[in-house]
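Let me begin by presenting the structure, written as structure tokens, before commenting on it.
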Amino acid sequence: ALPDNKLSPHSHTRTLALTHASAMAATEDEAKIAEVEALLRSARRIDRERGLAPLEALLAPTSSHSQSSLLLAEAMVCRLLDLAAPEAKWEHSHGGLMAATLVVRAGGTSEGFVKFLCHACASLLSADEARVRLEAGVVVATLCQTVGMHLYEECFKELLLSQIRENVENGPVAPNHTDVVAKYFESEDERPASPSTRDKLPDYAGWKCLETAVRTYWEIAKTCQAAFGPCIDKALLDLLFSASHHINRFVREAALYACGEVSCIVLALQDTSKLAVGLDTFVGLMAQHVAIGLADNWSQVRMAASVAARQFLTSMSPDARVAHFALLLPRLCLNRYYAAEGVRLFAVETWRLVAGDHGKALVEQHIEQIVEYYLEQTAAENSSVREAACACLAELGAKMDSACLGPYAAKVIPILIAAFDDESGSVREAACLACGRFIKCFPDILRDDLAKTCDLFFQRLSESVWSVRENAAVALGCLIDAYGDAALELVCAWVDKMILAAKDQSTAQPQSPGPNGSGPEGSSSAGLPVLDDGSSSQPRRMVIRAGGADGIQVLTFNSSPHRPRRHGDGSRLPEPWEQSDGAVYMVREIASRKPERAALFLPRLGELCRVRHYKQHWHLLENVWKQLPLMAEAIGKRPFKQHLEEFLPSLHYSLVGNSPSAKVAAETCSATLSKFLGPSIFRGRVELLDASMLPAFDAALATAARFAPAGGVTSAAGTGAGMLASPRPVHPTAGVRIPGPAGVWRTPPPTAGEASTP
């Protein structure tokens, strides 16, 4: 594809050298260029990048010798890209290509130099080293932008299309990744060391030049923008769409980035005849491929699809976007709760750009597609996706009107209950919160089976994962709101039974997990009877009669239909102290609803703090000190003061103990109670009980005051406390035990119109 009169590297280098020798003797510039060239030839990337700054300064228009420096820089690039030179290395080519980009941007577009670069890039786009291929793509994009798109048509179009076509259509099919690792890395002796690893792996490991060819198109589209529009034809679109579904995630990522840029260019074109498809057809195909990328299993691919989705939607008029909302909105909504922070924050901002102040109205208009997609994703392979789906369902239960969600509640609740036995703890905690909120909105569905429903939550309240216990307590609080005294009595009975379970805690190591990671076969994780269908080889099933507005219907579902917990996945039987810990969370929830009932548990809670024969008692004490200020505030000053002495010895024990986390929690708790009850009252109670404890408490109050925020000492509330105070759903993975849940989000809270913005 190159012109017939192209110059070879040797001939052009000699010609430029003679021109420089006869034109001027710029020894100073030559010395600087020599220093730059030495850096660009370095084997270390950091040195090669360090050589770009002085080169850019030499080529700056303000430089007194910019023209002579430009000729010297062209000669240097030719030497670095001389592939026939005996000492040629890929590092030299990489440095030369980085320098070539600067030279072309500075005006190095003489006919001979451009022809030489076209020849060199055509060869280096197929180089063995991927970094060289990527940098060659940047040079190609810069040449097309600076010289003109005719270079793409004459020199690079067929080359790039063939690289993509051959590897997409004839590329090898990748076997299972585990089999590959086992085959090529069976022992330490056979494990190859980098960089020879690429010689040991089969061809599918890199797919040759496919990824870099797609990235070259991305660079061209991103750099040339509208000038690239006339070059976009059906052949290119077909190959980009095919690459967006390639088995290699890096190829999919590059293809989606390219699709995003191409969509912006095509939607701005006046003439779309080269596409060979109508503009409406192109827009529909682009939406479908972007939607698939938004649900990809790899975070990098989701991020690329998120960028493409924003470019695609914002390039259209608001009226034109509506046709694609049913397909794209559910995926954008779910990605706002995805575990990868970059994807999550980008999706939040995209939602705000697209929805504006009409987020709730958009969700109501497409509620069927959104709910169906969320339910579909609860069965995804990726636990982060299942967690995000449950968090999104919790958001719907908290923010959407009951009339809007009513037709779907009977389908959503059984699927959420099924997720209670997911292998991932983060999915279980998200499912607990979502289920509790849906039951609160639609209490009639499970009213006739309240006891069975509470038993399911009690099992989660006894889990070995603290965040699952906390969210289960929050969900049971929703059940108390929905069913009133009927649920309250069941919950109080469980708390009364479990709050002192730590007395039975063994000093031995934790027990091993059962066959499904949750307990011995035939028993639940909490020691409660298992809801079983009679066959140990099948997933456990539960049948609940749901009474709704249309009468009684039977809801049958597996307790673990997708990812049941397995032996060896890290889960284990809950310890008795963990059951007591779950009871502490539950007392906090009761206190916010029925303070007089919660006050009855304070003496037993104080007794629990004095049970210290087991090693893990520090963890339990830490949680008690974080929840006690919330309980005190809900119960009230006068009732709580009657039980203050129950906790002072244990607080002192934590203040002088050897657990840093329990000590910090005790310091914050002491400072919060002192402010709540009054400093003189609190100190007087300590002095009356045991004056020897005063130094420890005084030191704790001084430490807490020194590190308190500007507004004073705040409560050491965990995530659940924020849930009590605000209807906004807190992302389950953000449940860290620090004051205030808002700190885990880096985006501002939603406005009244942004119903689906986290």
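Heavy atoms only: backbone and side chains are in, while hydrogens, waters and symmetry mates are out.
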Item to check | Closest heavy-atom pair and its distance - Arg437, Ala398 | outcome: CD-CB, 4.0 Å

Checklist outcome for this item: dist Leu433:CG -> Cys390:SG (nearest 0.5 Å) comes out at 10.0 Å

Checklist entry - Checking Arg460 against Trp494: charged group under 6.0 Å from the ring centre and within 45 degrees of the axis? => result no

Item to check | Any residue meeting ring-ring contact (aromatic ring centres under 6.0 Å, His included) with Phe457, in chain and number order, not counting sequence neighbours | outcome: Phe420

Which pairs would a plain distance check flag for residues 483-491, meaning a side-chain donor or acceptor within less than 3.5 Å of a matching protein atom at least two apart in sequence or in another chain?
from: Tyr483; atom 1: OH; to: Pro443; atom 2: O; distance (Å): 2.7
from: Glu489; atom 1: OE2; to: Arg597; atom 2: NH1; distance (Å): 2.9

Checklist entry - OG1 of Thr350 to CG of Leu345: how many Å apart, nearest 0.5 Å? => result 10.5 Å

Checklist entry - Mind checking what makes side chain to side chain contact (heavy atoms under 4.5 Å, CB included) contact with Val412, not counting sequence neighbours? => result Val371, Leu375, Leu393, Tyr408, Leu416, Phe438

Item to check | Stepwise side-chain contact (heavy atoms from CB on, under 4.5 Å) check, Val611 with Trp577 | outcome: CA-CA 10 Å; Val611 179; Trp577 77 267; over 6 Å; no

Checklist entry - Does Lys615 pair with Glu575 as a salt bridge, N-O distance under 4.0 Å? => result no

Item to check | N/O donor-acceptor pair under 3.5 Å between Asp401 side chain and Ala403 backbone | outcome: no

Item to check | Side chains of Tyr337 and Glu395, donor plus acceptor under 3.5 Å | outcome: yes

Checklist entry - Is the backbone N or O of Ala502 less than 3.5 Å from a side-chain atom of Ser580, with the two atoms forming a donor-acceptor pair by type? => result yes

Next on the checklist: Once rounded to the nearest 0.5 Å, what's the spacing between atom OG1 of Thr668 and atom NZ of Lys626?
Outcome noted: 8.5 Å

Item to check | Worked verdict on Val363 versus Leu396 for side-chain contact (heavy atoms from CB on, under 4.5 Å) | outcome: CA-CA 9 Å; Val363 173; Leu396 290 180; 4.0 Å; yes

Checklist entry - Can you tell me how far the CG atom of Leu651 sits from the NZ atom of Lys663, to the nearest 0.5 Å? => result 13.5 Å

Checklist entry - Quick one: does Ser674's side chain have a donor or acceptor within less than 3.5 Å of a partner on Ser670's backbone? => result no

Next on the checklist: For a side-chain contact (heavy atoms from CB on, under 4.5 Å) check, start with the C-alpha distance between Tyr653 and Arg612, then their side-chain angles and the critical distance, and finish with the verdict.
Outcome noted: CA-CA 10 Å; Tyr653 172 79; Arg612 306 165 188 165; 3.5 Å; yes

Next on the checklist: Looking at Arg386, is its backbone amide N or carbonyl O close enough to the side chain of Thr378 to form a donor-acceptor pair, meaning the two atoms are under 3.5 Å apart?
Outcome noted: no

Checklist outcome for this item: Separation between CE (Met498) and CD (Glu578), nearest 0.5 Å, reads 12.5 Å

Item to check | Heavy-atom pair of closest approach, residues Ala583 and Ile499 | outcome: CB-CA, 3.8 Å

Item to check | Donor-acceptor contact below 3.5 Å, side chain His613 vs main chain Gln505 | outcome: yes

Item to check | Exam field: side chain Ser650 to backbone Phe647, donor-acceptor pair closer than 3.5 Å | outcome: no

Checklist outcome for this item: Distance col, row Cys669:SG vs Leu655:CG, nearest 0.5 angstrom, shows 9.0 Å

Next on the checklist: Does Val587 form a side-chain contact (heavy atoms from CB on, under 4.5 Å) with Gln627? I'd like the steps, not just the answer.
Outcome noted: CA-CA 9 Å; Val587 173; Gln627 310 310 325; over 6 Å; no

Checklist entry - Donor-acceptor pair, Arg469 side chain versus Leu461 backbone, under 3.5 Å? => result no

Next on the checklist: Strictly below 4.0 Å, N to O, side chains only: are Lys452 and Asp455 in salt-bridge contact?
Outcome noted: no

